[in-house]
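One structure is given here, and the rest of the page talks about it.
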Amino acid sequence: MSAELSPLTLETETQLPERQGPPLPQTSQETINTIVHYYRGEMGRMAGWRDRIDRTSNWAITVVAAMLSVSLSTPSSHHGVLLFAILLISLLLLIEARRYRFFDVYRARVRQLERGYFAQILAPEGVPSLKWSASIAKSLRKPAFLMSYREAVYRRLQRNYCWMYLILLLAWALKISSPKISTNGEPFGHVRSWADVTENAALGPLPGWAVMIGVALFYVLVLYASLHKEHHEGELAHGEVHV
């Protein structure tokens, strides 16, 4: 059998022969340089994932603005356009929550360095502790997410997406409660009762009452997630500046 590894095989550290590794810092100056370069590297990774989060949020805002323009600027447009917009920003919310979990890992490492090392240099308090460095070392040896996917969804929903959902809900309610406009500009189908609203809310073969119940249940979940309080504060326990 060839000594070369299969393309599908990843050699782990424990399978490597024992040999001398790269030299570790021997002086305090080398240690400081290592920490500074490591801090810059973590800052770069954190900023990269933050940029990805902002891109997703920007796309969500663009989708909301575009769908509102299509739906409200044309009297004959169907209210399903707004429901489709809700579906699209829900997909973007799920993508952003995944990205936020990665960002949270690198943000936590950067903040630990700042609190445990740089803040201690600028204004020493008490006895220097190695807890922060041990925590970072543990994260480097075995990286793990610091929050669940559900918590990430809750946090991004509370920060940005709850307002987008609210705007789409108001626009959808306006759409199904407004009279329709004929091709010659004459309004017809005036909404005078809940029955008329229910009729306007119909979506293809789905009756209006079923669509309204579905939207109501979805927004109950959005409201619950928007008001949800996390059991642990995480980085929020160390200051008000957060994402």
Side-chain angles (χ1 to χ4, degrees), residues 39-72 79 81-116 118-119 132 135-136 139 143-175 214-243:
Y39 175 73
R40 293 175 62 185
E42 289 291 357
M43 280 288 292
R45 286 204 288 187
M46 184 190 73
W49 281 100
R50 174 58 194 270
D51 180 63
R52 292 185 178 187
I53 293 174
D54 289 341
R55 289 182 188 180
T56 315
S57 298
N58 292 339
W59 272 108
I61 295 173
T62 302
V63 167
V64 171
M67 293 302 184
L68 287 176
S69 177
V70 170
S71 178
L72 300 181
H79 69 90
V81 172
L82 296 173
L83 298 180
F84 183 65
I86 293 175
L87 179 63
L88 285 179
I89 66 169
S90 298
L91 176 61
L92 291 171
L93 171 61
L94 296 178
I95 295 174
E96 184 168 320
R98 175 185 174 276
R99 294 178 175 181
Y100 186 78
R101 297 180 74 196
F102 284 94
F103 165 79
D104 183 59
V105 174
Y106 305 126
R107 187 264 307 272
R109 293 178 185 174
V110 169
R111 292 290 294 118
Q112 285 174 328
L113 270 168
E114 291 173 344
R115 290 195 305 270
F118 292 106
W132 64 271
S135 176
I136 294 177
S139 177
F145 291 119
L146 304 179
M147 66 170 57
S148 65
Y149 190 83
R150 181 176 63 179
E151 289 177 338
V153 171
Y154 288 167
R155 187 170 294 186
R156 299 316 299 159
L157 183 61
Q158 293 167 2
R159 298 289 183 272
N160 293 328
Y161 284 78
C162 62
W163 308 111
M164 302 184 205
Y165 280 123
L166 178 60
I167 291 173
L168 290 175
L169 176 63
L170 295 176
W172 181 74
L174 175 64
K175 195 68 177 178
V215 171
L217 292 177
F218 176 80
Y219 273 90
V220 167
L221 293 176
V222 171
L223 180 62
Y224 169 78
S226 300
L227 300 178
H228 175 77
K229 298 296 182 182
E230 299 177 7
H231 298 296
H232 58 87
E233 295 180 326
E235 283 298 318
L236 305 184
H238 301 286
E240 298 178 354
V241 181
H242 56 266
V243 179

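Each residue takes its place number in the sequence, starting with 1. As the structure is a prediction and not an experimental result, all values here were calculated from the model.
When the salt bridge (Lys or Arg N to Asp or Glu O under 4.0 Å) test is applied to Arg45, the partners found at least two apart in sequence or on another chain are Glu42. Annotation: side-chain hydrogen bond (donor to acceptor under 3.5 Å, both in side chains) contacts of Ser148 (sequence neighbours excluded): none. Looking at residues two or more places apart in sequence or on another chain, you find a salt bridge (Lys or Arg N to Asp or Glu O under 4.0 Å) between Arg55 and Asp51. The side chain to side chain contact (heavy atoms under 4.5 Å, CB included) search around Leu166 returns Trp163, Leu170, not counting sequence neighbours. In terms of the side chain to side chain contact (heavy atoms under 4.5 Å, CB included) criterion, residue partners of Tyr224 (sequence neighbours excluded) are, by chain and number, Tyr154, His228. Residues that satisfy the side chain to side chain contact (heavy atoms under 4.5 Å, CB included) test with Ala60, not counting sequence neighbours, are Ile89, Leu92, Tyr161, Met164.
Judged by distance alone, the side chain of Ser90 and the main-chain N or O of Ile86 form a donor-acceptor pair under 3.5 Å. Side chain of Gln158 to main chain of Ala225: a donor-acceptor pair is present (N/O by atom type, distance under 3.5 Å, no hydrogens or angles). Put simply, the side chain of Asn58 gets close to the backbone of Asp54: a donor and an acceptor are under 3.5 Å apart.
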Requested in this report: Test side-chain contact (heavy atoms from CB on, under 4.5 Å) on Met43 and Met46 and set out the steps.
Outcome: CA-CA 5 Å; Met43 280 288 292; Met46 184 190 73; 3.9 Å; yes

Requested in this report: Begin from the C-alpha positions of Arg99 and Glu96 and carry the test salt bridge (charged side-chain N to carboxylate O under 4.0 Å, His left out) through to its verdict.
Outcome: CA-CA 5 Å; Arg99 294 178 175 181; Glu96 184 168 320; over 6 Å; no

Query raised in the report: Please walk me through it: do Asp104 and Phe145 pass side-chain contact (heavy atoms from CB on, under 4.5 Å)?
Result: CA-CA 8 Å; Asp104 183 59; Phe145 291 119; over 6 Å; no

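At most 12 heavy atoms of other shown residues, nucleotides or ligands fall within 6.0 angstrom of atom CH2 in Trp59.
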